[in-house]
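A short write-up of the structure that comes next.
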Amino acid sequence: GRHKNAIDVYDEAQRISADDWDIFHNKGVCFMYLKQFDQAIENFQCANAIQKHDATYIQLGKVYMMQEDLAMAIETYEEALEHSPENPELLTTLGILYLRMGNNDSAFENFGRALTQDPRNPKTILAAGSILQDHNETEVALTKYRVAAVRTPNSAQLWNNIGMAFFSKENYIAAISCLKRALYLAPFEWIIAYNLGLVHLHTAQYASAVHFFSAAINLNRSYASSYMYLAITLSRLD
C-alpha cells in the first residue's frame, strides 16, 4: 500500500512542480514495484526527457528485463552509455544481457570495458570468468576469480565457478572442496549439487554422486541431464 500512497503524494507534488526529474523517476520506481510496467516506463521516459540520469536508465532497463524484453533493455543501456560511456554498472549489465542473448563477443567486450573502469568488481569478474571458462581459458578465469574472492568471499556462485574451473583442470580434490563451500553458502542451488554429482561421478565415487544428483533433481525437476547422469551413476553402483 505504501507505493500507492507514495504515488498519490508524487501526483500532488507534480501539481506544484510539473517538470521535476525526481518526481517522475520516483513515481516510475513505485509503479515498477507495483508491476504496473507501462506506467513505470512512461514515468522513466518522462524523467529522462527532463534530465538524463544513469539511475533512470538502469531502472528503465530493469523494467524491460522484468518483462523479458531483452532487446529493449539492451537498447536502453546502449543509449545510456552514449551519455555515460565509463559507467561500470551499465557496462556489466549490458554484458550480462548480451550473454543471455547468446552474443558472447559483445558481452565480453562490455565486461572488458567495465573491468577497465573497476578491475575488482566481483559481478563483472564472475560474468567475464564464465565466458573465459567456456572458451577453455581456465587459468585466466582463475586469476580473475582470485581477485573477486577477496571482495566477495561468501559468493556461492563464485565458488561454484572456481570449483568447475578446477574440475576442467582435473584437480578433483580442489573442485570438490570449492563446490562444497558453494553448497554450504547456498544449499538450495540445484546447479551446485548437480556439479558435485558430476565431479563425484568422474572420480568413481558413485554413492556420493547418486546423493548429489538426487538432491539436484529434488531442487529442480525440469533439468533432463540430472536424470540422465543419475541413471548412469546407478548403473555403475553394482
Step by step, work out the side-chain hydrogen bond (donor to acceptor under 3.5 Å, both in side chains) result for Asp134 and Asn104.
-> CA-CA 10 Å; Asp134 287 344; Asn104 283 9; 4.8 Å; no

Can Arg221 and Tyr227 be said to form a side chain to side chain contact (heavy atoms under 4.5 Å, CB included), step by step?
-> CA-CA 9 Å; Arg221 297 185 181 277; Tyr227 295 93; 3.5 Å; yes

With the side chain counted from C-beta on, respond yes when [X] and [Y] share a heavy-atom pair under 4.5 Å apart, and no when they do not.
X	Y	answer
Glu89	Asn121	no
Arg100	Glu68	yes
Thr56	Trp21	yes
Ile58	Lys62	yes
Tyr64	Met66	no
Ile176	His200	yes
Ser84	Leu90	yes

Side chain to side chain contact (heavy atoms under 4.5 Å, CB included) evaluation trace for Asn161 with Ser130 = CA-CA 7 Å; Asn161 283 22; Ser130 66; 4.1 Å; yes

How long is the gap from [atom1] on [X] to [atom2] on [Y], to the nearest 0.5 Å?
X	Y	atom1	atom2	value
Ile162	Arg146	CD1	CZ	8.5 Å
Ser225	Met228	OG	CE	4.5 Å
Ile131	Tyr98	CD1	OH	13.0 Å
Thr203	Tyr172	OG1	OH	8.0 Å

Check whether [X] and [Y] end up in the same hydrophobic cluster, where Ile, Leu, Val, Met, Phe, Trp and Tyr are linked by side-chain heavy atoms less than 4.5 Å apart.
X	Y	value
Leu142	Phe108	no
Leu185	Val150	no
Leu81	Met65	yes
Tyr57	Ile96	no
Trp159	Leu126	yes

Result of checking Phe167, Phe212, Tyr229 against His202 for ring pair (Phe, Tyr, Trp, His ring centres under 6.0 Å) =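 For His202, the ring pair (Phe, Tyr, Trp, His ring centres under 6.0 Å) check succeeds only for Phe167.
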
Yes or no on side chain to side chain contact (heavy atoms under 4.5 Å, CB included) for Asp20 and Ile50, after CA distance, side-chain angles and deciding distance?
-> CA-CA 7 Å; Asp20 190 317; Ile50 294 165; over 6 Å; no

More than 12 heavy atoms of other residues, nucleotides or ligands under 6.0 Å from [atom1] of [X]: is that the case?
X	atom1	answer
Gln14	CD	yes
Arg151	CZ	yes
Lys52	NZ	yes
Ile173	CD1	no

Would you check if the distance from the ring center of Phe44 to the ring center of His25 is below 6.0 Å?
-> yes

In terms of heavy-atom contacts, Leu219 and Glu189 come closest through CD1-C, 4.2 Å

Nearest heavy-atom neighbours spanning Ala18 and Phe24 =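 Heavy atoms of Ala18 and Phe24 come nearest at O-CE1, 3.3 Å.
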
Test Leu196 against every option in Ile191, Leu183, Leu201 by the side chain to side chain contact (heavy atoms under 4.5 Å, CB included) rule and name the one that passes.
-> Leu183

Parallel, tilted or perpendicular: ring planes of Trp190 versus Tyr223, cut at 30 and 60 degrees = tilted

Hey, is the main chain of Asp22 close enough, under 3.5 Å, to the side chain of Asn26 for a donor-acceptor pair?
->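 Indeed, once roles are kept as given, a pair shorter than 3.5 Å links the two residues.
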
So, Asn110 side chain and Ser106 main chain: donor-acceptor pair closer than 3.5 Å or not?
-> yes

Between Lys144 and Glu139, is there a side-chain N and carboxylate O pair less than 4.0 Å apart?
-> no

In sequence, state the C-alpha distance, the side-chain angles, and the governing distance for Val210 and Leu230, and then conclude on side chain to side chain contact (heavy atoms under 4.5 Å, CB included).
-> CA-CA 6 Å; Val210 167; Leu230 177 59; 4.0 Å; yes

Could you go through the side-chain hydrogen bond (donor to acceptor under 3.5 Å, both in side chains) check for Gln157 and Ser155 one step at a time?
-> CA-CA 5 Å; Gln157 193 181 353; Ser155 165; 5.6 Å; no

